[in-house]
Amino acid sequence: MVRAKPATPEHPALAQHTLERSRSAQNRVADTVTLFAGSMLFVYLHIVWFGAWIGLGVERYPFGLLTMIVSLEAIFLSTFVMISQNRADERRQVLADNQWKIVQFEEAQNEQLIDLSRQILELTKAIHQVTGAPQPGPSREAPPSPH
C-alpha cells in the first residue's frame with residue numbers, strides 16, 4: 001500500500017545526487033515520511049483513526065484534542081511537502097547543470113569541427129592552385145537550356 005521506493009535514477013548526475021542525498025540521516029527520514037504521507041495507506045489509516053476516535057467517543061464534540069492533533073500533523077506535513085519540493089528543485093538543478101555542461105562541450109566540439117573544415121578548405125584551395133584544378137566553391141555549371 002505504501003508507494004515503492006523510487007528506483008535509482010539512470011541518469012548519472014541524478015544517481016550521484018541521490019547517493020549524496022542518502023548519506024544524510026535527515027534526508028533519509030524526510031524521504032521516508034514524504035513517501036508514506038503521499039500514499040493511500042496514509043489516507044486509509046486516517047479514515048480509520050478519525051472514525052474510531054469519533055465512533056468510540058474518545059472525546060465529545062467539538063473534538064478539541066483531535067483538532068489539535070490534526071492541526072499539528074498538518075503543520076509537520078506541510079513542512080515535509082516543502083522539503084519534497086526542495087528536493088525536486090535540487091534534482092531539476094542537477095539536470096540543468098549537467099545539460100549546461102553538455103551544451104558547452106558540444107559547442108567546443110562544433111568550434112573544433114568548424115576550424116577543421118576551414119583548414120581542409122584552405123588545404124584544398126592550395127592543392128588546386130598547385131595543380132591548376134578549378135577552385136572549390138559554388139558550382140560554375142552553365143544554366144540549363146530552356147528547350
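Note that this is a predicted model, so its numbers are computed, not measured.
- For the atom pair CZ (R23) and OG1 (T18), the distance works out to 11.5 Å, reported to the nearest 0.5 Å.
- Note that the CD atom of Q93 and the NE2 atom of H17 stand 10.5 Å from one another [nearest 0.5 Å].
- Side-chain contact check for L45 versus F36: some heavy-atom pair is nearer than 4.5 Å.
- The two residues N98 and A13 come nearest to each other via the heavy atoms ND2-CB, 3.8 Å.
- Open room surrounds CZ on R91; 12 or fewer heavy atoms of other groups in view lie less than 6.0 Å from it.
- The shortest distance between side-chain heavy atoms of V94 and Q16 does not fall below 4.5 Å.
- Annotation: the span from I120 atom CD1 to L113 atom CG amounts to 9.5 Å, rounded to 0.5 Å.
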D115 and R118: salt bridge (Lys or Arg N to Asp or Glu O under 4.0 Å), yes or no, with the steps?
-> CA-CA 5 Å; D115 287 342; R118 286 183 185 135; 3.6 Å; yes
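- No side-chain heavy atom of D31 sits under 4.5 Å from any side-chain heavy atom of R28.
- For the atom pair F105 CZ and N110 CG, the distance stands at 10.0 Å (nearest 0.5 Å).
- Between the CG atom in L72 and the OG1 atom in T67 there is a gap of 11.0 Å [rounded to 0.5 Å].
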Q119 and L116: side-chain contact (heavy atoms from CB on, under 4.5 Å), yes or no, with the steps?
-> CA-CA 5 Å; Q119 291 173 13; L116 286 173; 3.9 Å; yes
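- F76 and L35 fall into different hydrophobic clusters, where Ile, Leu, Val, Met, Phe, Trp and Tyr residues are linked whenever their side-chain heavy atoms come under 4.5 Å apart, directly or through other members.
- Nearest approach of A37 to L77, heavy atoms of both residues: CB-CD2, 3.7 Å.
- Within a 6.0 Å sphere centred on CD of Q26, other residues, nucleotides and ligands contribute 12 heavy atoms or fewer.
- Contact annotation: the side chain of L65 approaches that of W53 to within less than 4.5 Å [non-hydrogen atoms, C-beta and beyond].
- There is a path of hydrophobic side-chain contacts, each under 4.5 Å, that joins I47 to M40.
- Dense packing is recorded around CD of Q109, with more than 12 heavy atoms of other residues, nucleotides or ligands lying under 6.0 Å away.
- At a threshold of 4.5 Å between non-hydrogen side-chain atoms, the residues R21 and E90 count as touching.
- I83 places a side-chain heavy atom less than 4.5 Å from the side chain of F80.
- Contact check for Y61 versus I54: no side-chain heavy atoms found under the 4.5 Å cut-off.
- V81 is not listed as a side-chain neighbour of T34, based on a closest heavy-atom distance of 4.5 Å or more.
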Take F50 and V70 through the test side-chain contact (heavy atoms from CB on, under 4.5 Å) and record every step on the way to the result.
-> CA-CA 10 Å; F50 297 156; V70 171; 3.5 Å; yes
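- In this structure, CD in E73 is found 12.5 Å from CE in M68, a value given to the nearest 0.5 Å.
- The aromatic ring centroids of F42 and Y44 lie 6.0 Å or more from each other.
- L66 approaches E59 most closely through the heavy-atom pair N-OE2, 2.7 Å.
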